[in-house]
Amino acid sequence: MITEKKEKQILMMSFFSGLLFAIAEFIFAIYSHSQSALTDAVYDASELVFIALLLFLTPLFHKPVSEKHPYGYFQLESIFVIIKGVMMLSVTMGVSAEVLDSALSGGNPINNAQVSLFQFCLGAASIIIFLLMKRLNRNLSSPTITAELLGWKLDIVYSLGMSLAFFLSRYLEKTPLGFITPYFDQIVAVLVMVFMLPESIKVLWSAVRDIFLFSPDEEFINEIKALCGPVLEQYRFSPVFFDITRTGRHLWVAVYFKIETGSLKVQDLSDALDSLNEKAREKFQECTCELILVP
C-alpha cells in the first residue's frame, strides 16, 4: 500500500506539472508563433493522456499473482507503454510534417530572446520537479515511474539546450549563416524530434519484449547470474540453466541446478530460496525467484 501510494503521488505530481507546462507552452506558442514551443506542448499534452490512464490502473499493478492470473496484471503496464510509444511516434511524425511544410513555405521568424528566456524558465522548473520526483521514487521499482523520470530528464536537457541555442542564434544575423535565421525555429524543432525518436523506439521495443516474454539482453542476464552465484556456491548448487522473464515491473527468475551429492535436504533448499529472493528483492524489489532441481 505504501509503494502504491508513493507511485500515485509521483504520477499526480507529474500530471499536474505537465498540465501547467502544456498550458504555458500552448499560450507561449500562440503568442510567439514558435513551432519549437508548439512541438514541446504537443508532446506534453500527449504525455498527460498516458499518465491519466495510469493513475486509474496503478492499483492493478500491485495485485498479487493468482491461478487465474499467473503473471498478475503486470503485462497491462507493458501494453500501455506500447500504446505510449506508438502515440509518441505518431505525434513525432505528424508534427514533423507540419514543421517541414512551414520551413518550405519560407520559414518562421520569431523573437529568439523571448524563446530563450521562456525555455530557461521551463528548464529550471523541470529540475525542481525532477528532484522532487526522484526523492519520492527512492526504494521504488516501477517501469512507469522510471519512464516518467527519464521524460523529465529529457525535458531538462531539451529546455536548457533550446534556451542556449536560441540565445546564441541572436548573433547569427551578423555571420555568414544569417540566411538560416528565419528557419532556426524549425531546425531546432526537427532536431528535438530526432533526439526524442530513439528514446521512444527504445521504450517501445522494451515493452514489446516484455509482452512476448522475450529473454532480457545478455548484460542483464549476466547481472542476474552474478547475483545468484554466491548463494548457489554457498549451498553447493551447480547452475545448469537460468530462465529469466520480465513482464512489466516484475522479474521472474527460475534457476535450474544440479547437486554433487545423492540427496538434498528440504531445509537447505528452503534456506537457499529465501536467501536468493532476499538478495534479488534488495536490487529489483519486484522479483520472484525459484530453484528447480534437475535430476
Side-chain angles (χ1 to χ4, degrees), residues 3 6-25 28 36-55 58 77-78 80-89 91-92 95 115-167 188-207 210 217 219-220 248-249 283-285:
T3 301
K6 276 191 175 183
E7 193 168 340
K8 278 192 171 183
Q9 283 179 342
I10 295 172
L11 287 174
M12 287 291 287
M13 181 184 294
S14 185
F15 178 81
F16 285 111
S17 300
L19 179 62
L20 290 174
F21 273 47
I23 292 172
E25 286 157 355
F28 183 77
S36 55
L38 180 62
T39 300
D40 205 15
V42 171
Y43 270 111
D44 285 346
S46 301
E47 281 278 320
L48 292 177
V49 177
F50 179 72
I51 297 173
L53 287 171
L54 283 176
L55 281 168
T58 295
E77 189 167 17
S78 298
F80 274 91
V81 170
I82 289 175
I83 294 172
K84 176 184 178 180
V86 172
M87 181 176 67
M88 296 305 290
L89 287 174
V91 169
T92 299
V95 176
V115 178
S116 177
L117 181 59
F118 178 73
Q119 291 296 340
F120 179 80
C121 292
L122 287 184
S126 296
I127 291 173
I128 295 172
I129 294 165
F130 173 78
L131 292 175
L132 289 173
M133 288 175 62
K134 192 172 182 180
R135 185 175 181 181
L136 285 172
N137 190 49
R138 285 182 303 182
N139 303 321
L140 289 182
S141 178
S142 163
T144 301
I145 302 302
T146 300
E148 283 302 304
L149 286 172
L150 176 61
W152 281 100
K153 192 182 292 184
L154 290 173
D155 281 345
I156 292 170
V157 175
Y158 165 69
S159 296
L160 296 181
M162 286 263 286
S163 177
L164 179 62
F166 277 102
F167 178 77
V188 171
V190 170
L191 287 175
V192 166
M193 286 181 282
V194 169
F195 176 68
M196 295 285 193
L197 199 59
E199 289 298 328
S200 298
I201 294 173
K202 183 179 177 182
V203 169
L204 179 60
W205 175 239
S206 177
D210 289 351
D217 56 64
E219 183 180 348
F220 188 80
R249 67 187 60 198
K283 188 168 183 65
F284 300 106
Q285 190 176 358

For the residue pair [X] and [Y], what are the closest heavy atoms and their distance?
X: Met133; Y: Ser14; answer: CE-CB, 3.9 Å
X: Ser126; Y: Phe21; answer: OG-CE2, 3.2 Å
X: Ile129; Y: Met13; answer: O-SD, 4.3 Å

Discussion item. Among residues at least two apart in sequence or on other chains, which ones pass side chain to side chain donor-acceptor pair (under 3.5 Å) with Ser163?
Written reply: Ser116
Worksheet item: Excluding sequence neighbours, so at least two apart, what forms side chain to side chain contact (heavy atoms under 4.5 Å, CB included) with Leu160?
Response: Phe120, Ile127, Ile156
Item to complete: List in chain and number order the residues that pass side chain to side chain contact (heavy atoms under 4.5 Å, CB included) with Ala22, two or more places apart in sequence or in another chain; answer none if no residue qualifies.
Response: Asp44, Leu48
Worksheet, complete the sentence: Phe28 meets the ring-ring contact (aromatic ring centres under 6.0 Å, His included) criterion, sequence neighbours left out, with Phe118
Practice prompt. For Phe16, check ring-ring contact (aromatic ring centres under 6.0 Å, His included) against everything at least two apart and list the hits.
Written response: none
Discussion item. What's the separation between atom CD1 in Ile23 and atom CD in Glu25, rounded to the nearest 0.5 Å?
Written reply: 10.5 Å
